[in-house]
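Lettering of chains follows the sequences in order, A, B, ..., and the numbering in each one begins at 1.
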Number of protein chains: 2
Amino acid sequence: MTDVVDTLVRGTLVNVHTGNLEDGAVAIDDGEVVALAERPAEHEIETGYVTPGLIDAHMHVESSMVTLPEYGRAVLPRGVTSVVHDPHEIANVLGEAGVRALVEDAANTPLKARFTAPSSVPASSLQDAGAAIDAEAVASLLDLAPVVALGEVMNVPGLIAGDDEVHAKIAAARERGLTVDGHMPGVEGAALHEAARYLDTDHESITLAEARARADLGIRVYLREGSSSKNLADLLPLVDAVDTRRLSLCTDDREVVDIVDHGGVDFAVRKAIDEGADPVDVVQMATLNTAETYDLPFGRIEPGAPADLVLLDDLESWTVAGVMVDGNLDPTAPERTERTNLPTDTVQFDPVSGGDLAIEAPADAGATARVRVIDAVGGLQTDPMTADAPVDAGALVPPVEEDICSLAVIERHGRDGGIGRGFVHGLGLHRGAIGSTVAHDAHNCVVAGADPDAMARVANHLREVGGGIAAFDPASGKLVSLPLPVAGLMSAKPIETVYEGYEDVEALATDLGLVEGGLMELSFLALEVIPTYRLTNRGLVDVEAGEHVDVVRP
Amino acid sequence: MTDVVDTLVRGTLVNVHTGNLEDGAVAIDDGEVVALAERPAEHEIETGYVTPGLIDAHMHVESSMVTLPEYGRAVLPRGVTSVVHDPHEIANVLGEAGVRALVEDAANTPLKARFTAPSSVPASSLQDAGAAIDAEAVASLLDLAPVVALGEVMNVPGLIAGDDEVHAKIAAARERGLTVDGHMPGVEGAALHEAARYLDTDHESITLAEARARADLGIRVYLREGSSSKNLADLLPLVDAVDTRRLSLCTDDREVVDIVDHGGVDFAVRKAIDEGADPVDVVQMATLNTAETYDLPFGRIEPGAPADLVLLDDLESWTVAGVMVDGNLDPTAPERTERTNLPTDTVQFDPVSGGDLAIEAPADAGATARVRVIDAVGGLQTDPMTADAPVDAGALVPPVEEDICSLAVIERHGRDGGIGRGFVHGLGLHRGAIGSTVAHDAHNCVVAGADPDAMARVANHLREVGGGIAAFDPASGKLVSLPLPVAGLMSAKPIETVYEGYEDVEALATDLGLVEGGLMELSFLALEVIPTYRLTNRGLVDVEAGEHVDVVRP
């Protein structure tokens, strides 16, 4: 036993083991909690409350468009000391190598990033992604020390049908004693019971009934508060209906602006408390519960655990006075470390023209043609819709006055450069175009616009800068972009720079009429595994039917 | 998905994940729960309540004097489908080979026995055990599939002082991601905080304050209800003071008579409910909580889990209607399997005479000599005591009228046959002798009696039958014994036979005056690591001083 410890923190401890608040002291030596009692110490700190560092149970750092070190710089001061990161997005661009690059990059931040091995890359065979991760690659990734689970299993139909590849990946995780994350949007009834045989967690509940059904089956339910999917308020009554021990908080996808302005999973903690949940329950859902799911050694304050602590002036308002990781106070303070080589130069397609992006009218069309339209109804949801598109010079023109614009998805991984074309309702765009190489999950280049020339301008610009998001206003000739050269998904620049770049693009897009949250919506319009209509580089997909359909209705 | 499942069980499910009672159905196919819903089934069962099979969080099967298959035959019909068994006793006799023999024998019962690798063999260097298990042997045992933890770490002073061997054993468990069981009787203050850095569980709390102090430090507290150590009622208020998720029920040591008459950990479940605890909390403490501690796949009813179920007519009275293991109803019904070769012939010492067991009077003694006496105050506890022993023909005679009798411990593992001699108060023996080769932890041959010749008769008989317990009444010439030829600790005979044998010995011992529970007390009088005085084959031990002391006071 040490005679004089490094640090003693006095305050009201949030004891996540017992569920109690207790006035006390945490004695810290050599980065570890060594006692929950008074000890002679070199440094003494008085604070209001002490909680374990928060853990985000499920997130994709790529959605914040910054690297893990920059993400950490933003959320560590807010009390988030760990994230369980599913590098699903970079995996779709660069495969196993991309995952390994992010795992290595995690060494550059005091944020304790743990990883899941992406299970569902590519998302389907209806689109061309940059890479695939087969069962062998999954097994190899599961052997990396920071990898704690198999990432969200999306192919639930395949799982239920006994798909060999899906089951081989799950078996690889089980053999290693690792958790298997699920992804079960809308799954119910017999399919849900069957999926529950194999999947341990789910973060896709939208309704309380869905969440309750999962909890009843022993599935660990994650209450998600992302930028688009804000499910926390709807799901929070679950804490009064079930033992909270198997509930966790997660963000899944949060934009850079939300991260900087409102935080990561700490925002979910504050919101849950605001909504009336018991603060200790809430802290458990963002610490111990998640730590137990993934067998993490932190997420609790006890002798023997790393000293990952949040010091709070006030618990209910989550007013952070200081954060400690491995006994280091305010661990983001040190100078920025040298960056590892993150992969760039991943946007590969030939320049396109407006004509390349326009939809050819059927030979027998009159003044208009009846077309299938993706109705972007908000969040990540779409509905199927039908509209009449005017015919002009042999091409279908988007009826912009009905809030329908053109949409194109360009294969950008250096294959055939194939282009899918379609229409989308509800984005609000009335002129110009917006585009992104962040286009879940295949991350092809998606562009939406009121005219094909503007769309081509945006696409070609993104090609030149190695990927990113951009908006172009033909009225002013102004083109604004946020380059995301890391896999076409992220910037290695400081998060403040990315924040400004994102706001600049968003501001111009808003000028063009884009609805709030429209950039995030755009990035999900190509995700061919979420109902109902989506557009891939190989054309429009009817997700429920699991097949491509023509834009022009027969 | 299967069209028609094997079995459907309808009833009120005790959902240990949500903490709720829910009317429902459990669909079982191929030994596994495949849905918590109605399914077409070949067999349908209607019952009152359905809980997961109970798990005993910590027990030593040797204390019941039967093998695991016989133990299983007794407790399975009561709803106990799993035990976490620390083969600490056989390890002290036979080392790693003894542990492996019990692990292999577990294949002969549907009871799901999991094991801990004994960490503390021998208990100390103050006595000669049959074997030692060093860090290398521990590591080898930890690699066996059914071994789920490092067994109770008893050398807390060594742990705190940084003893290399203790820490090497703990490190071996940590490297494998396994739990480390603690054993911290009376440990408090700074020592408890320090021990909490390394130990995950403790089953030695006797007072509520002790239990609370452990829970506050993140130690998983086991509420024990053994034959001697009955701590449940005292500790049960803890369920109202802390989150119950990290509390478990265990038996530690239960005699064969208690097992047959009252059950194993199911008795603790009934008693906790009787004492007013919430039945669902109680079931969680005997299922999921323990499963989480040791990362066991059962102890819950969910799709994907093995169908280990208890069917109850009534929950509160724990009225069992049926038990299922891996989907098999009443799994103890099949014929007894062929026994594996369990090790016998382990009691090795030369025949002794009464003179060998008597204590020589000091040369300067008068009519009496002042002697140190072990005061057996009940349970496993002893107090130090002083008395005057009459001198007769150069030997010290026990003042039987003061309820003090002679005690001897004979080394029986084939080493030097060394004999420790002393006195014990409180056993009630007024004539004859009793003896046992079950003598924690070294399991030498312990005999207590009113005269040395009767003691020698008992010891020599135990030597002849390969170990066991015995009583001898010189008034009638009657000698009754229960042979325990398996390592001198257990019988391979049916549990009913062992029960009768135990009762026969106890009946004669009671005739000799032995107090209730005296046989169990006898078997702990040689345990030199529990305060205060104990007798080993090398003489009397002052446990707090950690050294041998003379019986005759200076």
Heavy atoms from other residues, nucleotides or ligands near [atom1] of [X] exceed 12 (cutoff 6.0 Å):
| X | atom1 | value |
| --- | --- | --- |
| B:Glu22 | CD | yes |
| A:Glu188 | CD | no |
| B:Asp278 | CG | yes |
| A:Asp143 | CG | yes |

Which donor-acceptor pairs under 3.5 Å do side chains of residues 234-243 of chain B form with protein atoms, sequence neighbours excluded?
residue	atom	partner	partner atom	Å
B:Asp243	OD1	B:Arg245	N	3.2
B:Asp243	OD2	A:Gln284	NE2	3.2

*From A:Glu292 CD over to B:Glu292 CD, what is the distance, rounded to the nearest 0.5 angstrom?*
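Reported value, rounded in 0.5 Å steps: 5.5 Å.
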
*Pick whichever of B:Leu199, B:Leu288, B:Val280 has the most heavy-atom pairs under 4.5 Å with chain A.*
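Ranked by contacts with chain A, first place is B:Leu288.
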
*Taking heavy atoms only and a threshold strictly under 4.5 Å, list by residue number the residues of residues 293-307 of chain A that touch chain B; give 'none' if the list is empty.*
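A:Glu302, A:Pro303, A:Gly304 fall under the 4.5 Å cut-off.
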
_Looking at B:Arg39 and A:Glu194, is there a salt bridge between them, counting it only when a charged N and a carboxylate O are closer than 4.0 Å?_
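Answer for the salt bridge query: no.
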
*Checking heavy atoms, do the side chain of A:Asn289, its backbone, both or neither come under 4.5 Å from chain B?*
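Contact with chain B is through both the backbone and side chain of A:Asn289.
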
*Should A:Leu217 and B:Leu36 count as side-chain neighbours, where that means a heavy-atom distance under 4.5 Å?*
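Side chain of A:Leu217 against side chain of B:Leu36, heavy atoms only: contact under 4.5 Å found.
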
*If we only count heavy atoms from C-beta on, is the B:His193 to A:Val34 side-chain gap below 4.5 Å?*
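Contact flag for B:His193/A:Val34 side chains = no.
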
*How far apart are the closest heavy atoms of B:Asp216 and A:Asn15, and which atoms are they?*
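Answer, listing the atom of B:Asp216 first, then A:Asn15: O-ND2, 2.9 Å.
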
*What part of B:Asn20 is in contact with chain A, defined as an atom under 4.5 angstrom from a non-hydrogen atom: side chain, backbone, both or neither?*
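Looking at B:Asn20, just its side chain touches chain A.
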
